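Report on the structure given below.
The structure displayed is predicted, hence computed values, not measured ones. So that the names make sense, note that chain A is the first sequence line, chain B the second, and so on, each numbered from 1.
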Amino acid sequence: MHGVKRYNHSRELLEQKRQQDKQRIVNYRALTAQTLDARDAQIYTAQSLELTTSLLSTNPEFNTVWNYRRDILEALHPGARPSSEAFPEDELEFTMAQLKRFPKVYWIWNHRVWVLMYFCRDNAAVWRRELAIVDKLLSMDARNYHGWHYRRQVVAQIERIEQRSLDRSELEYVTQVINRNISNYSAWHQRVQLVTRLFQFKELPAEEMHTLLRGEVDYITNALYTDADDQSVWFYIKWFITNDVVKTTLPSDEYAKMLRGLRDNVVLINEDDVEFSGSDNNWCLKMLIVIEGALKDAGVESNAEYSKVAAEYLNKLITADPDRMNRYKHLLGSE
Amino acid sequence: MLSPERRTSMAERRPSFANFAGSHNQIDTMMIPHLAGIEDPLPESTPETVDVLIAGTGLVESVLAAALAWQGSNVLHVDCNDYYGDSSATLTVDQIKLWVNRVNSNSIPSYSNAKLYVSTSIGSDRRYASRDFGIDLSPKILFAKSDLLSILVKSRVHQYLEFQPLSSFHTFENDCFEKLTNTKQDIFTDQNLSLMTKRNLMRFLKFVLNWEQMPDVWGPYRDKSITQFLFDKFKLDKPQVFELVFSIGLCSNIETKVPLALQRIRRYLTSFDVYGPFPVLYSKYGGAGEVSQGFCRSAAVAGATYKLNEKIYSYNPTTQVATFSDGSKVTVTEKVIVSPTQAPEGSQHIPEQKYQVNRMACLVEKDCNEWFTEGESASVVVFPPGSLKSGNKEVVQTLILGAGSDCCPQGTSIWYLSTIEKGSRAEMDLDAALEALEASLLRESSTEITQNDDIVQISDDGRPIINSVRLGQSFKEYMPRESIQHLMKLSYTQFTSTPPFDVVNPALFDNDALNNRANSDRKFIPNASDNGVLYTAMPSSEISYDEVVTAAKVLYEKIVGSDDDFFDVDFEDEENEMQNGPGPVPNNISYENAIDDDDEDADMGMQGDDSAEFVGKMEI
């Protein structure tokens with residue numbers, strides 16, 4: 001039977017790998033010793049840079065060696081002023097090669113930022129190029145939060161140099177990404193950042209902000225109906241209805257109307273789930289409690305009303321979500 | 001050349017010495033093996049004894065030949081035609097003419113009622129040459145997640161072929177063609193769907209990906225029709241139901257039973273995003289014909305002998321000697337496999353073929369680019385039951401190929417239409433579908449005239465002036481487009497023993513005619529020329545390649561005893577990964593982690609999209 005054949009083949013391969021690994025471990029330990037010795041002796045030369053290159057190519061998470069590498073770079077390029085024309089192309093190539101192999105290692109990202117800040121901090125063209133690189137990366141993997149964090153850093157630099165805010169175009173970008181796939185926590189998170197900033201720095205006239213938020217309500221309702229099991233959508237909705245941006249921008253009657261509208265939709269969705277599968281949608285139940293709380297805080301509902309409704313949903317949750325039973329019981333107790 | 005001017009072969013298109021310096025692409029340095037009757041001459045003689053004799057180089061037979069040859073069997077593979085492919089062949093216009101004559105003189109079993117019109121624009125010294133066109137007798141599309149694709153990769157036959165993506169599926173409803181909404185992105189961004197429809201549709205899509213694990217949902221509807229199931233349980237509306245059943249599921253009518261339909265719908269969805277944003281591929285230069293040829297080449301490399309122009313005359317199961325019509329003989333120690341189209345005179349054992357497929361192939365003098373997604377040259381258009389003027393009870397499925405598929409020259413396209421409807425009703429349905437396609441194309445052209453600003457201008461006092469000279473010119477250009485020029489129109493009926501759309505699930509095979517066929521090779525009818533012969537099934541109405549591997553495997557098992565080592569090949573540097581993941585990115589055992597080889601950190605490297613984030617559920 002060919003199944004058996006394959007398995008043996010693989011076991012042989014593993015044995016082979018073990019033997020090769022033994023040698024690699026010896027080599028690795030030697031390289032580490034050599035590099036750290038050089039660091040202790042404060043040797044900052046092109047050769048010691050090479051040492052760190054080899055070591056970091058094998059183990060990019062070795063932060064000590066990244067620090068050593070930065071010391072070497074500083075020593076080799078002393079006084080590289082932020083506005084200098086010296087372009088660290090080699091260094092950027094190195095980090096890019098590493099990122100392609102390990103796109104989720106913090107230290108590589110940090111090093112790239114450090115290189116850019118050290119060598120070309122005020123060069124707008126360089127940061128624009130970085131933005132294009134992040135665009136490409138996010139188009140291949142839209143959920144890599146390292147990518148999104150890096151994007152924020154890059155955008156911040158561009159904004160600093162060009163003295164203007166990119167929030168509006170960033171909002172358009174993040175909308176495109178979410179449209180492609182609403183199950184993207186990082187993208188929704190970015191949206192939170194942007195909406196908050198637009199408000200905080202008063203980047204939009206009041207009327208426009210108002211329109212934007214009304215549009216948001218439709219947007220999240222659409223997302224809700226498209227996938228009521230997606231936690232990133234729920235988290236965004238929770239932020240949206242309880243944060244200050246919305247509460248301050250929308251007049252109180254509109255805010256209350258929005259909450260009630262949302263509540264109706266959530267109830268509808270939950271009933272639909274009950275009809276189809278026989279059980280409640282836990283997200284719906286939790287959100288209903290949040291909505292009630294928001295209505296209470298807005299002064300639209302009494303404390304008594306809130307407690308009654310919240311208790312009802314918490315009891316439902318105890319049966320529907322037994323894994324978190326004790327939490328719900330605890331919440332019930334503190335009502 | 002054997003046949004009237006044949007099409008260029010893959011080996012001729014891709015010279016084997018294309019070996020560029022620094023080329024890292026394996027394909028450039030690979031040699032396409034030569035095949036007797038194409039690049040190599042036909043053998044003078046054939047072996048005296050073989051294990052298996054196969055007559056007919058259609059899809060199933062070619063896959064079988066390659067599987068047997070690689071397993072070590074001594075195979076003689078013959079075909080009575082002077083071309084490869086048999087019922088799946090890709091033919092030039094001249095070859096089609098000859099084929100039609102043979103069908104109408106009853107020389108090709110399983111086909112009848114062939115009609116042909118060829119315009120005078122095709123011919124030597126005319127605008128188009130006969131060999132500029134490659135017409136498939138059995139047009140097919142390949143799902144990205146399918147057993148044939150796995151076999152193509154495993155056997156490396158894919159290296160003898162070129163595939164292009166096809167993402168354009170259209171449903172014809174209310175006289176217009178709608179593009180599908182079948183991804184979460186489509187559904188989310190669609191302004192025309194109500195919120196509840198979005199929810200219902202998404203719920204169904206999530207369900208269908210895992211439907212077998214949820215019998216409590218579909219169990220009660222096991223014997224009901226899929227349309228009823230979708231209306232009742234998922235509360236979907238007719239447009240969504242028809243799209244799911246007929247364009248995504250490619251089912252034939254509204255009575256299709258639930259389990260079968262769910263399987264077919266899922267096939268489409270799981271094929272989406274395997275290699276890119278498309279579910280299906282088609283083969284350039286000619287579909288099934290190229291694929292059959294590819295497997296024949298592979299079989300030849302593995303040692304099979306090929307001979308065209310060789311027709312089986314009789315087989316004697318006692319002496320195990322097969323005789324050909326040219327008098328030559330061969331002893332066959334294991335089995336004789338014959339396609340019904342190659343059956344000898346006096347055959348008595350051809351299985352009953354009570355189902356039929358009616359097909360039409362049109363060569364049209366229009367490029368049809370408006371129907372293709374950018375970068376692609378093909379699309380599928382489905383006419384659901386009741387959508388045509390003829391009131392069709394069965395679906396009409398059409399496949400449109402543009403010049404980019406290299407099956408036809410620039411400015412032309414090939415339209416394939418098929419239906420399982422019978423007789424004159426079938427003709428009416430196919431003609432109605434053809435008319436609908438033409439009408440739609442004409443509508444697209446006619447809008448051009450109204451957008452011509454030079455014709456209507458506004459004078460100084462606000463009155464519109466018609467520039468009559470310009471208008472006249474435009475009409476001159478416009479007039480010829482009022483009718484679509486047919487360069488060729490071919491229609492025929494093909495018979496088969498495979499029930500329509502009864503594919504995909506191998507377990508279904510046990511219940512149907514195949515068992516009867518198996519028994520028939522033990523029945524002895526005196527004076528029959530084909531006692532002891534095992535017949536293959538003719539292609540069915542199925543537009544995908546789905547039935548092919550199953551059929552080949554069943555035959556393989558009958559010959560070899562079990563299908564465990566069916567294509568169990570291991571070409572030198574072949575990796576063991578192909579079963580599960582998407583194609584070209586191999587999942588090498590990682591040598592990077594030198595510290596601890598149990599530590600399988602899936603985050604190393606850019607392979608796959610395993611985000612560590614706990615976001616949402618499965619992708620649609």
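- Both the backbone and the side chain of A:D272 come within contact range of chain B, with heavy atoms under 4.5 Å apart.
- Centroid-to-centroid, the aromatic rings of B:F188 and A:Y219 come within less than 6.0 Å.
- Around the CZ atom of A:R29, the shell of radius 6.0 Å holds no more than 12 heavy atoms that belong to other residues, nucleotides or ligands.
- Remark: B:D186 CG to A:N179 CG distance equals 11.5 Å, nearest 0.5 Å.
- Between A:Y225 atom OH and B:N200 atom CG the span is 10.5 Å, to the nearest 0.5 Å.
- Neither the backbone nor the side chain of A:F235 comes within less than 4.5 Å of any heavy atom of chain B.
- Ion pairing between a basic and an acidic side chain is recognised when a charged N comes within 4.0 Å of a carboxylate O; B:R199 and A:D227 show no such pairing.
- A tilted orientation is assigned to the rings of B:F234 and A:F276, their planes being inclined by 30° to 60°.
- Salt bridge annotation for B:R203-A:D229: absent, with no cationic side-chain nitrogen under 4.0 angstrom from a carboxylate oxygen.
- A:E275 has no carboxylate O lying under 4.0 Å from a charged side-chain N of B:K233, or vice versa, which leaves the two without a salt bridge.
- Taking CG from B:L195 and CG from A:L224, the interatomic distance works out to 9.0 Å, rounded to the nearest 0.5 Å.
- Rounded to the nearest 0.5 angstrom, A:N222 CG and B:T189 OG1 are separated by 8.5 Å.
- Crowding of A:R152 atom CZ: a count of heavy atoms from other residues, nucleotides or ligands under 6.0 Å exceeding 12.
- Counting only heavy atoms from C-beta outward, the side chains of A:I182 and B:K184 approach each other to under 4.5 Å.
- If you tally non-hydrogen atom pairs under 4.5 Å between each of A:T221, A:D273, A:V233 and chain B, the highest count goes to A:D273.
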